[in-house]
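Just so it is clear, the structure is predicted and the values come from calculations on it, not from any experiment.
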Amino acid sequence: MTTWLNMSLQDGASPIMEQLIFFHDHTLMIMLMIITTVMYMMTTLLWNKHTSRFMLEGQLIETTWTIAPAIILVFIAMPSLRLLYLMDEIHNPTMTLKAVGHQWYWSYEYSDFTKLEFDSYMIPQEENQASTFRLLDTDNRIVLPMNSPIRLVVTAADVLHSWTIPSLGVKTDATPGRLNQTSFLINHPGILYGQCSEICGANHSFMPITIESVSANHFINWVSSL
């Protein structure tokens with residue numbers, strides 16, 4: 001989910017997303033080296049009229065082109081496995097947020113507080129202001145403290161949904177009758193946007209997610225004012 005004239009990934013708002021961006025760049029550099037080598041060899045074969053009889057067959061060259069791809073795959077697999085385990089880890093969360101997908105809006109429950117729950121609908125286009133994003137802003141934002149491990153529990157009340165915030169590196173399926181769990185940590189204040197990433201019906205494109213990341217003191221004041 002990029003912004004206007006932006007061809008790259010969103011800036012990471014969590015340590016996991018920053019690591020995902022590093023891994024993306026790492027893999028692209030390996031792909032670039034492979035493509036450059038293959039293009040050079042193909043160009044040489046097309047323009048060079050001489051052929052080496054030692055390159056047509058031989059144990060050394062066959063061993064080389066068998067082992068080299070395996071080594072390259074190891075350099076891709078090791079950081080990938082590390083990231084997969086980091087994304088599954090739940091580190092002593094300071095609070096729990098429950099998200100329930102409906103057709104076509106989200107309901108949220110702050111499980112650590114008494115009766116703190118609300119529905120979040122997309123702001124209609126005719127009510128949009130200059131400071132809001134079309135089809136991305138909601139009437140009730142999720143307010144979360146930054147630099148605090150958050151546990152997210154996701155489920156659905158009717159059909160399949162998917163709770164996704166690209167800048168946090170979070171994408172969790174919301175399945176009726178099942179609780180899926182993930183965690184994240186927001187490392188700077190601001191407003192983060194996401195959308196349902198599962199085709200859940202006619203208004204699938206109109207159930208956005210908006211998170212407002214604030215300081216711990218601001219979050220306590222927000223909870224106290226409700």
Side-chain angles (χ1 to χ4, degrees), residues 1 9-10 12-21 23-24 77 79-123 135-187 191-213 219 223 226:
M1 192 175 67
L9 299 172
Q10 291 186 21
S14 69
I16 289 295
M17 187 58 193
E18 291 174 354
Q19 291 293 319
L20 286 171
I21 293 173
F23 175 69
H24 171 267
S80 174
L81 289 173
R82 172 179 169 271
L83 267 176
L84 283 174
Y85 280 103
L86 285 175
M87 293 169 70
D88 277 343
E89 192 71 25
I90 306 294
H91 299 283
N92 297 324
T94 57
M95 62 171 292
T96 300
L97 175 70
K98 182 179 179 182
V100 183
H102 302 268
Q103 287 183 317
W104 287 274
Y105 63 96
W106 292 97
S107 296
Y108 297 101
E109 302 174 12
Y110 289 75
S111 304
D112 302 289
F113 303 96
T114 305
K115 294 183 179 180
L116 180 50
E117 55 187 48
F118 54 84
D119 296 333
S120 182
Y121 292 87
M122 184 190 75
I123 297 178
L135 303 183
L136 286 177
D137 261 299
T138 56
D139 55 355
N140 291 314
R141 293 174 175 172
I142 311 165
V143 180
L144 294 174
M146 64 178 184
N147 295 326
S148 301
I150 308 295
R151 173 169 50 199
L152 176 70
V153 179
V154 183
T155 187
D158 35 49
V159 298
L160 291 174
H161 299 280
S162 186
W163 199 90
T164 307
I165 300 289
S167 58
L168 291 178
V170 174
K171 182 179 184 296
T172 306
D173 289 339
T175 309
R178 177 185 174 88
L179 292 176
N180 288 329
Q181 179 177 271
T182 188
S183 66
F184 56 87
L185 182 146
I186 308 173
N187 56 16
I191 300 175
L192 312 175
Y193 296 97
Q195 287 177 308
C196 174
S197 297
E198 190 75 49
I199 300 177
C200 57
N203 291 334
H204 153 69
S205 304
F206 305 105
M207 47 184 305
I209 305 162
T210 309
I211 293 180
E212 186 174 349
S213 172
F219 175 76
V223 172
L226 296 177

Criterion side-chain contact (heavy atoms from CB on, under 4.5 Å) on L144 and M95, from CA distance to verdict: CA-CA 9 Å; L144 294 174; M95 62 171 292; 4.0 Å; yes

Give the intermediate values and the outcome of side-chain contact (heavy atoms from CB on, under 4.5 Å) for residues L168 and I211. CA-CA 10 Å; L168 291 178; I211 293 180; 4.1 Å; yes

Show your reasoning for whether side-chain contact (heavy atoms from CB on, under 4.5 Å) applies to L97 and V153. CA-CA 6 Å; L97 175 70; V153 179; over 6 Å; no

Between S107 and D119, is a side chain to side chain donor-acceptor pair (under 3.5 Å) present by the stated rule, with each step listed? CA-CA 4 Å; S107 296; D119 296 333; 2.6 Å; yes

Verdict with supporting geometry, H204 and C196, side-chain contact (heavy atoms from CB on, under 4.5 Å): CA-CA 7 Å; H204 153 69; C196 174; 4.0 Å; yes

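Taking the side chain as every heavy atom from C-beta outward, L152 and F184 approach each other to under 4.5 Å. Considering only heavy atoms from C-beta on, S213 stays 4.5 Å or farther from V143 through its side chain.
Formation of a donor-acceptor pair under 3.5 Å by the S120 side chain with backbone atoms of N140 is found in this model. Formation of a donor-acceptor pair under 3.5 Å by the H161 side chain with backbone atoms of E198 is not found in this model. N203 places no side-chain N or O within donor-acceptor distance of the main-chain N or O of W104, the cut-off being under 3.5 Å.
Every side chain to side chain contact (heavy atoms under 4.5 Å, CB included) that I123 has, sequence neighbours left out, goes to E127, N128, D137. With sequence neighbours left out, L81 forms a side chain to side chain contact (heavy atoms under 4.5 Å, CB included) with L84. With sequence neighbours excluded, the residues that form a side chain to side chain contact (heavy atoms under 4.5 Å, CB included) with N180 are T172, D173, T175, R178. Checked against side-chain hydrogen bond (donor to acceptor under 3.5 Å, both in side chains), T96 has the following partners two or more places apart in sequence or in another chain: R151. Partners of S197 by side-chain hydrogen bond (donor to acceptor under 3.5 Å, both in side chains), not counting sequence neighbours, listed by chain and number: T164. Partners of T155 by side chain to side chain contact (heavy atoms under 4.5 Å, CB included), not counting sequence neighbours, listed by chain and number: K98, V100, L179.
Residues P15 and L185 share a closest heavy-atom pair of CD-O, 3.4 Å. Closest of all the heavy-atom pairs between P208 and W106 is O-CD1, 3.6 Å. Nearest heavy-atom pair across D158 and H102 is OD2-CA, 3.3 Å. Here the shortest heavy-atom pairing between P166 and G194 reads CD-CA, 4.1 Å. Counting all heavy atoms, side chain and backbone alike, A156 lies closest to A174 at CB-O, 3.5 Å.
Rounded to the nearest 0.5 Å, atoms CD1 (I150) and OG (S14) are 12.0 Å apart. Separation of atoms CD (Q195) and OG1 (T210) is listed at 9.5 Å; rounding is to 0.5 Å. Summarising the geometry, atom OH belonging to Y108 is positioned 12.5 Å from atom CZ belonging to R141; distances are rounded to the nearest 0.5 Å. Taking CE from M17 and CD1 from I165, the interatomic distance works out to 11.5 Å, rounded to the nearest 0.5 Å. Expressed to the nearest 0.5 Å, how far OG1 of T138 lies from CZ of F118 amounts to 8.0 Å. The distance from atom CE of M87 to atom NZ of K171, rounded to the nearest 0.5 Å, is 10.5 Å.
Environment of CG in L116: crowded, with over 12 heavy atoms of neighbouring residues, nucleotides or ligands closer than 6.0 Å.
Ring planes of F219 and Y110: tilted class, angle from 30 to 60°.
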